[in-house]
There are 2 protein chains.
Amino acid sequence: MIEHQNTNPQELLHSHQLKSTACREGILQAMLDVREALSEHEIRTHLSVDFDRTTFYRSFKTLLEHQLIHKIVLDPQKIKYAVHTHRGSEHAHFYCEQCDSVRCVDGIHMPVVPLPEGYLIHHTDLIIRGLCHNCNTNVS
Amino acid sequence: MIEHQNTNPQELLHSHQLKSTACREGILQAMLDVREALSEHEIRTHLSVDFDRTTFYRSFKTLLEHQLIHKIVLDPQKIKYAVHTHRGSEHAHFYCEQCDSVRCVDGIHMPVVPLPEGYLIHHTDLIIRGLCHNCNTNVS
DNA sequence: TTTTTATTGCAACATAGTTGCATTGAATCA
DNA sequence: TGATTCAATGCAACTATGTTGCAATAAAAA
Ligand SMILES: [Mn+2]
Ligand SMILES: [Mn+2]
Ligand SMILES: [Zn+2]
Ligand SMILES: [Zn+2]
């Protein structure tokens, strides 16, 4: 199985012309380690150093603006972040309603939406909710 | 053009075995009047009486649970609610990034997603972001 | 009319995120 | 090396979106 290169926070940041700070590195490292979309809290617990919430969110903002990461909004109180890997930027997300995990889903052609005349599409968000393999198979 | 019946808060509530309270009625009336998805604030300004935020959110919760309305989460700080009309429950939403409006979009077949073995789909959310006819045509 | 049940309002709390301002720290320039 | 500069950090305060506990009130049922 071929592992993708660039799975290194410093390199990632540098390749996007961003300074390599402790907080940014930590966020990226957590995401690369876990390989799942993570909430602020989940990233925080994964980290050894503790940053102020402001710093954290400013890092998120920077990483989002430079498209190193993306954000998955499941609910106003349920937000996850994931790295942008080599996959196409338009992809779906699967949310497991039982174990609360979010995974990026490749290979989905976004639906062609019959919108009225004059509408312009910038971006399409597709979130699939259900049970992941683990939660669906290992029934209690 | 055929107008759908039941466009009346009291009837709507009653047909779903829900008590007809002032807050519930107000929320539904606002949505039926405007015919767009509305935020809490937008509904509030549309109403004459002012309810406590708790009452408001408890009404939302009840209406959501009984499927009289549905919720469109655009961002943690950008939430809209819309009535469930006769349209199918699975439908897409269009969000105009300029005028901030959300409209329910009918006639979209949700994409068939090639998920790995064992995954179970409960629901699919599709949000299309861009410019509405008005904002796209009337360029500044 | 009395009892029961549901709704409302208030206070307090939680999560997600932003802004202003002062401080620190890391590069860059001389 | 030292001074300048600019970005990153931390703290305080604030916004939006909810939720929970508890007491008061209003509506339905007995
Ligand atoms: Mn993703
Ligand atoms: Mn809708
Ligand atoms: Zn799961
Ligand atoms: Zn618009």
Side-chain angles (χ1 to χ4, degrees), chain A residues 9-10 12-14 16-31 37-45 47-66 68-82 95 100 102 125 127, chain B residues 9-10 13-14 16-31 37-66 68-82 95 100 102 125 127:
Chain A
Q10 280 99 336
L12 258 169
L13 287 163
H14 193 253
H16 286 253
Q17 284 80 48
L18 280 178
K19 237 188 247 184
S20 195
T21 72
C23 189
R24 289 174 190 170
E25 280 178 37
I27 290 172
L28 290 173
Q29 191 61 66
M31 288 174 178
L38 297 173
S39 67
E40 186 218 331
H41 182 74
E42 286 165 342
I43 298 171
R44 201 172 274 290
T45 56
L47 260 58
S48 44
V49 214
D50 191 45
F51 297 97
D52 186 81
R53 283 175 21 81
T54 320
T55 308
F56 231 80
Y57 280 106
R58 277 197 277 237
S59 294
F60 281 145
K61 209 183 176 190
T62 306
L63 296 175
L64 284 168
E65 281 165 358
H66 289 77
L68 272 92
I69 64 171
H70 58 286
K71 185 176 175 175
I72 304 113
V73 182
L74 303 152
D75 248 314
Q77 263 75 31
K78 190 149 285 176
I79 315 292
K80 302 252 185 175
Y81 299 89
Y95 172 66
D100 220 55
V102 172
D125 288 326
I127 295 178
Chain B
Q10 279 101 336
L13 288 163
H14 193 252
H16 286 254
Q17 282 80 46
L18 279 178
K19 237 187 247 184
S20 194
T21 72
C23 189
R24 289 174 191 169
E25 279 179 36
I27 289 171
L28 291 173
Q29 191 60 67
M31 288 174 178
L38 297 173
S39 67
E40 186 218 330
H41 182 74
E42 286 164 342
I43 298 171
R44 200 172 275 289
T45 57
H46 191 276
L47 261 59
S48 45
V49 214
D50 191 45
F51 297 97
D52 187 81
R53 283 174 23 79
T54 320
T55 308
F56 232 79
Y57 280 106
R58 276 196 279 235
S59 293
F60 281 144
K61 209 182 175 190
T62 306
L63 296 175
L64 284 168
E65 280 165 0
H66 289 76
L68 271 92
I69 64 171
H70 58 287
K71 185 177 174 175
I72 304 113
V73 182
L74 303 152
D75 248 314
Q77 263 74 30
K78 189 149 285 179
I79 315 293
K80 301 251 186 175
Y81 299 88
Y95 173 66
D100 221 56
V102 172
D125 287 326
I127 295 177

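In what follows, every chain begins at residue 1, and chains take the letters A, B, ... in the order their sequences are listed.
- Taking atom CD of A:Gln77 as the reference point, atom P of C:dA16 lies 6 Å away to the nearest angstrom.
- Nucleic acid contact class of B:Thr21 (heavy atoms, under 4.0 Å, all strands): sugar-phosphate only.
- Heavy-atom minimum distance, A:Leu64 versus A:Lys71: CD2-N, 3.8 Å.
- Annotation for B:Leu13 and B:Glu25: closest pair CD1-CG, 3.9 Å, computed over non-hydrogen atoms.
- Within the structure, a side-chain polar atom (N or O) of B:Lys71 is placed less than 4.0 Å from OP1 or OP2 of D:dG18.
- Between A:Glu65 atom CD and C:dG17 atom P the separation is 14 Å, expressed in whole Å.
- Using a 4.0 Å cut-off, some side-chain N or O of B:Tyr81 falls inside it from OP1 or OP2 of D:dG18.
- Ring-plane geometry between A:Phe56 and A:Phe51 is classed as tilted, the angle between the planes lying from 30 to 60 degrees on a 0 to 90 degree scale.
- Atom NZ in A:Lys19 sits roughly 15 Å away from atom P in D:dT5 (whole-Å rounding).
- Considering only side-chain atoms of A:Tyr57, the nucleotide from C:dA16, C:dT7, D:dT20 that sits closest is C:dA16.
- Side-chain proximity of B:Thr54 to C:dA16, C:dA11, D:dT17: nearest is C:dA11.
- Comparing A:His41 and A:Lys61 by the nucleotide of DNA chain C whose heavy atom lies nearest to each, the residue mapping closer to the 5' end is A:His41.
- The nucleotide whose nearest atom lies closest to any side-chain atom of A:Arg58 is, among D:dG21, D:dT9, D:dA28, D:dT9.
- Side-chain atoms of B:Glu40 stay outside donor-acceptor range of the base of D:dT17, with no qualifying N/O pair under 3.5 Å.
- Contacts of A:Lys80 with the nucleic acid, taken as non-hydrogen atoms under 4.0 Å apart, are absent.
- Taking atom CD on B:Gln17 and atom P on D:dA28, their separation rounds to 15 Å, with Å as the unit.
- Rounding to whole angstrom units, CD1 of residue B:Ile27 and P of C:dT8 are separated by 9 Å.
- Nucleic acid contact class of A:Phe56 (heavy atoms, under 4.0 Å, all strands): none.
- Between the CD atom of A:Glu25 and the C1' atom of D:dA8 there is a distance of 13 Å, rounded to whole Å.
- For the pair B:Ile43 and B:Phe60, the minimum side-chain heavy-atom distance is below 4.5 Å.
- Position along DNA chain D of the nearest nucleotide to B:Ile79 versus A:Asp52 favours A:Asp52 as the more 5'-ward residue.
- As rounded to whole Å, 15 Å separates atom C1' of C:dA6 from atom CG of B:Leu63.
- A 6.0 Å sphere centred on NE2 of B:His16 holds more than 12 heavy atoms belonging to other residues, nucleotides or ligands.
- Residue A:Lys78 has no polar side-chain atom (N or O) positioned under 4.0 Å from OP1 or OP2 of C:dA16.
- Although no hydrogens or angles enter the test, the distance criterion places no donor-acceptor pair under 3.5 Å between the side chain of B:Arg24 and the main chain of B:Leu63.
- Residue A:Arg24 places at least one side-chain N or O closer than 4.0 Å to OP1 or OP2 of D:dA8.
- Distance from the side chain of A:Arg53 is smallest for C:dA16 among the nucleotides C:dA16, D:dC22, D:dC11.
- In this structure, the CG atom of A:Leu38 is 13 Å from the P atom of C:dA16, given to the nearest Å.
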